[in-house]
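Each remark here refers to the structure printed beneath this line.
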Amino acid sequence: MLTQVAIIGAGPAGLLLGQLLSRAGIDNVIIEHRSLDHVLSRIRAGVLEQGMVDLLREAGVADRLGREGLVHDGVGLAFGGALHRVDLKALTGGNTVTVYGQTEVTQDLVAAREALGRPTLYEAEDVALHDIDSECPRVTFRIGGEARELRCDVIAGCDGFHGISRRAIPESALTCFERVYPFGWLGLLVDRPPAAHELVYAHHERGFALCSMRSAERSRYYVQVPQDERVEAWSDEAFFAELRRRLPAEVAAAVVDGPSIEKSIAPLRSFVAEPMRFGRLFLAGDAAHIVPPTGAKGLNLAASDIRYLHDALREHFLDHSQAGLNGYSARALARVWKAERFSWWMTGLLHRFPERNAFEQRMQQAELDYLFSSQAAMAAMAENYVGLPY
Ligand code: FAS
Ligand code: PHB
């Protein structure tokens with residue numbers, strides 16, 4: 001098999017890149033090691049920055065997003081038993097966020113790719129990259145036991161944190177930065193109306209909690225749990241009781257219980273691999289970086305990476321210029337590190353860190369007090385939350 005761009009991974013990054021390249025007339029094949037059903041079953045992010053909404057619109061996959069996405073002008077922060085609203089729109093000169101599940105984004109991208117008739121090879125086994133520092137890189141894999149090879153000009157490593165693309169880069173050529181947090185997020189999805197019309201991030205002495213949503217009928221909740229917590233230890237009843245303990249009274253009273261349709265624990269880490277390129281292999285999305293979900297940046301960073309990588313590949317294939325590809329890693333990392341900082345800051349601000357000493361606990365309290373006593377501090381938080389410019 002031969003193509004111009006081999007894309008490893010059919011998550012949001014790989015599918016969005018495939019969609020943009022296909023619309024530019026650049027041939028591409030996506031190789032995915034899970035089934036389509038598994039890819040579509042994942043419950044993950046829920047908040048899209050305006051930049052990502054604009055990019056999905058440019059890719060021609062934003063019709064349902066336009067109909068069903070919930071535009072939010074503000075977000076709630078709760079601490080000390082009180083709920084404070086951050087007026088994102090007023091503080092950023094009109095910018096907002098859109099609540100629309102990553103699952104829906106993936107569905108829309110899968111449908112668009114099928115409509116274009118572009119190839120996505122699901123359930124590929126033993127995917128391996130070869131000659132990535134040559135002008136003729138190759139991908140080998142097995143489908144249904146049959147050995148296959150895909151020759152290409154460029155490989156886009158969009159296979160997430162646990163994928164093989166980053167690992168194909170020699171360790172000597174890669175520098176990794178990481179912080180693993182001493183807790184995780186226990187998430188629950190329920191078909192009940194949300195507790196509030198905007199998201200509520202809650203700091204509480206028992207631990208962090210988040211009230212989010214997918215629609216006016218479907219809610220997404222999270223509570224901070226110890227790093228080694230098991231999801232089996234949590235009944236739905238126990239989850240909702242703990243969630244209410246961590247929320248201001250008026251929000252807790254509005255939480256509507258119901259049977260969970262999904263319940264899982266996600267670990268929290270900050271991670272960046274530099275550079276995001278080796279030869280003809282380019283990393284994008286979680287393959288190159290991970291943020292704790294507190295700042296709702298993971299999915300949105302995948303989108304800005306794809307913006308930069310798509311533009312660079314267009315220059316390479318259509319204008320025969322290497323400038324974009326040569327500048328891709330530095331350009332993407334400049335935005336990645338700012339989102340890493342904001343996600344790390346939001347996580348430090350809102351979570352309970354049992355290992356922190358008394359001084360560090362006071363620093364967290366002072367950070368919260370300062371945030372709500374300073375218009376400048378609130379504006380800084382707002383401009384990062386809605387998303388820094390691409
Ligand atoms: P993805 O991991 O989504 O996709 C990678 C794809 O590559 C997958 O389909 C995988 O099956 C495939 N793959 C892996 N190895 C392969 C191989 N060897 N060969 C071929 N294919 C391979 N972000 C937020 O903003 N908010 C959240 O609340 C949030 N919650 C999350 C919860 C969990 C459990 C996880 C893991 C992540 C969460 N994220 C959240 C971050 C998440 O949304 C990512 O940022 C987003 O999925 C990034 O998209 P991709 O880079 O496409 O990676
Ligand atoms: C979600 O709805 O899943 C969500 C929203 C905001 C976050 C993290 C997760 O910061």
Side-chain angles (χ1 to χ4, degrees), residues 6-18 30-36 38-49 52 70 72 75 97-103 105-106 109-110 120-129 139-142 155-168 184-189 194 198-201 208 210-215 218-222 231 262 264-269 271 283-306 309 339 342-343 346-347 350 385 387:
I7 299 172
I8 315 298
L15 287 165
L16 181 52
L17 179 61
I30 296 180
I31 299 171
E32 164 60 48
H33 78 159
R34 304 304 294 262
S35 69
L36 173 56
H38 180 89
V39 169
L40 292 176
S41 69
R42 289 190 187 113
I43 307 293
R44 287 194 180 161
V47 173
L48 307 187
E49 296 172 351
M52 178 166 190
L70 304 173
H72 284 197
V75 65
V97 294
T98 300
V99 172
Y100 189 72
Q102 174 174 324
T103 311
V105 173
T106 306
L109 286 165
V110 166
T120 305
L121 306 176
Y122 288 98
E123 300 182 69
E125 299 171 308
D126 302 332
V127 180
L129 311 186
V139 185
T140 57
F141 51 96
R142 286 187 303 112
I155 300 175
C158 302
D159 47 349
F161 183 69
H162 300 290
I164 49 111
S165 295
R166 187 178 68 251
R167 292 173 174 80
W185 279 17
L186 168 60
L188 179 146
L189 196 65
E198 294 174 333
L199 272 64
V200 176
Y201 291 79
F208 168 83
L210 170 59
C211 301
S212 183
M213 63 197 76
R214 292 293 179 270
S215 68
R218 177 167 286 190
S219 300
R220 178 75 170 164
Y221 294 112
Y222 296 95
V231 67
E262 192 270 354
S264 57
I265 293 178
L268 266 65
R269 79 175 72 234
F271 175 86
L283 303 180
D286 278 16
H289 43 72
I290 295 285
V291 286
T294 325
K297 292 297 162 222
L299 176 60
N300 291 294
L301 272 183
S304 48
D305 288 352
I306 294 306
L309 185 52
F342 175 67
S343 304
M346 277 279 275
T347 302
L350 296 172
Y385 190 83

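All ligand and atom numbering here is 1-based and tracks the order in the structure.
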Under 4.0 Å from one or more heavy atoms of Pro293, ligand 2 contributes atoms 7 (C), 8 (C), 10 (O)
Numbered in order shown, the ligand 2 atoms found under 4.0 Å of a heavy atom of Arg44 are 3 (O)
**Item:** Within-shell test, Ala296 vs ligand 1, heavy atom, strictly < 4.0 Å
**Value:** yes
Check: of Ala45, Gly101, Ser212, Ala266, min heavy-atom distance to atom 40 (C) of ligand 1 comes from Ala45
**Message:** Quick check on Met346 - does any of its heavy atoms sit under 4.0 Å from an atom of ligand 2?
**Reply:** no
Nearest heavy-atom contact between Ile43 and Thr103 is CA-OG1, 3.9 Å
| query | Would you call the rings of Phe208 and Tyr201 parallel, tilted or perpendicular if under 30° counts as parallel and over 60° as perpendicular? | reply | tilted
Problem - Contact check: Val39 vs ligand 1, nitrogen or oxygen atoms, below 3.5 angstrom - result: no
shortest atom 35 (C) of ligand 1-to-protein heavy-atom contact is with Arg44 NE, 3.3 Å
In this structure, does ligand 2 have an atom that sits under 4.0 Å from one of the heavy atoms of Val99? no
The atoms of ligand 2 lying under 4.0 Å from a heavy atom of Val47, numbered in the order shown, are 5 (C), 6 (C)
For Leu199, the atoms of ligand 2 under 4.0 Å from one of its heavy atoms are 5 (C), 6 (C)
Within the 4.0 Å heavy-atom cut-off, what Trp185 brings close to ligand 2 is side chain
Near Cys158 (heavy-atom distance under 4.0 Å), the atoms of ligand 1 are 5 (C), 6 (C), 7 (O)
Contact check: Leu299 vs ligand 1, nitrogen or oxygen atoms, below 3.5 angstrom
yes
| query | Any nitrogen or oxygen of Gln102, main chain or side chain, under 3.5 Å from a nitrogen or oxygen of ligand 1? | reply | yes
Nearest non-hydrogen contact to atom 49 (O) of ligand 1 from the set Pro12, Gly11, Gly285 belongs to Pro12
Taking the inter-plane angle between the rings of Trp185 and Tyr222 on a 0 to 90° scale, is it parallel (under 30°), tilted (30 to 60°) or perpendicular (over 60°)? tilted
Atom 6 (C) of ligand 2: closest protein heavy atom, distance to 0.1 Å, is Tyr201 OH, 3.3 Å
Item to complete: Could you tell me if any non-hydrogen atom of His38 lies under 4.0 Å from any atom of ligand 1?
Response: no
For Thr294, the ligand 2 atoms with a heavy-atom partner under 4.0 Å come out as 10 (O)
So the atoms of ligand 2 within less than 4.0 Å of a heavy atom of Ala296 turn out to be 6 (C), 7 (C), 10 (O)
For Gly163, the ligand 1 atoms with a heavy-atom partner under 4.0 Å come out as 15 (N)
Any Tyr222 heavy atom less than 4.0 Å from ligand 1
yes
min-distance protein heavy atom vs atom 52 (O) of ligand 1 -> Ala13 N, 2.9 Å
Among non-hydrogen protein atoms, atom 8 (C) of ligand 1 lies closest to Arg42 NH2, 3.3 Å
Using a plain distance cutoff, I'd like to know if Gly14 has any nitrogen or oxygen under 3.5 Å from a nitrogen or oxygen of ligand 1. no
Ranked by distance from atom 3 (O) of ligand 2, the top protein heavy atom is Tyr222 OH, 2.7 Å
The answer for which part of Ile8 has a heavy atom under 4.0 Å from ligand 1 is side chain
Q. For ligand 1, is there an N or O atom under 3.5 Å from any N or O atom of His33?
A. yes
Interatomic distance, CG@Asp159 vs CD1@Ile7, rounded to 0.5 Å, equals 11.5 Å
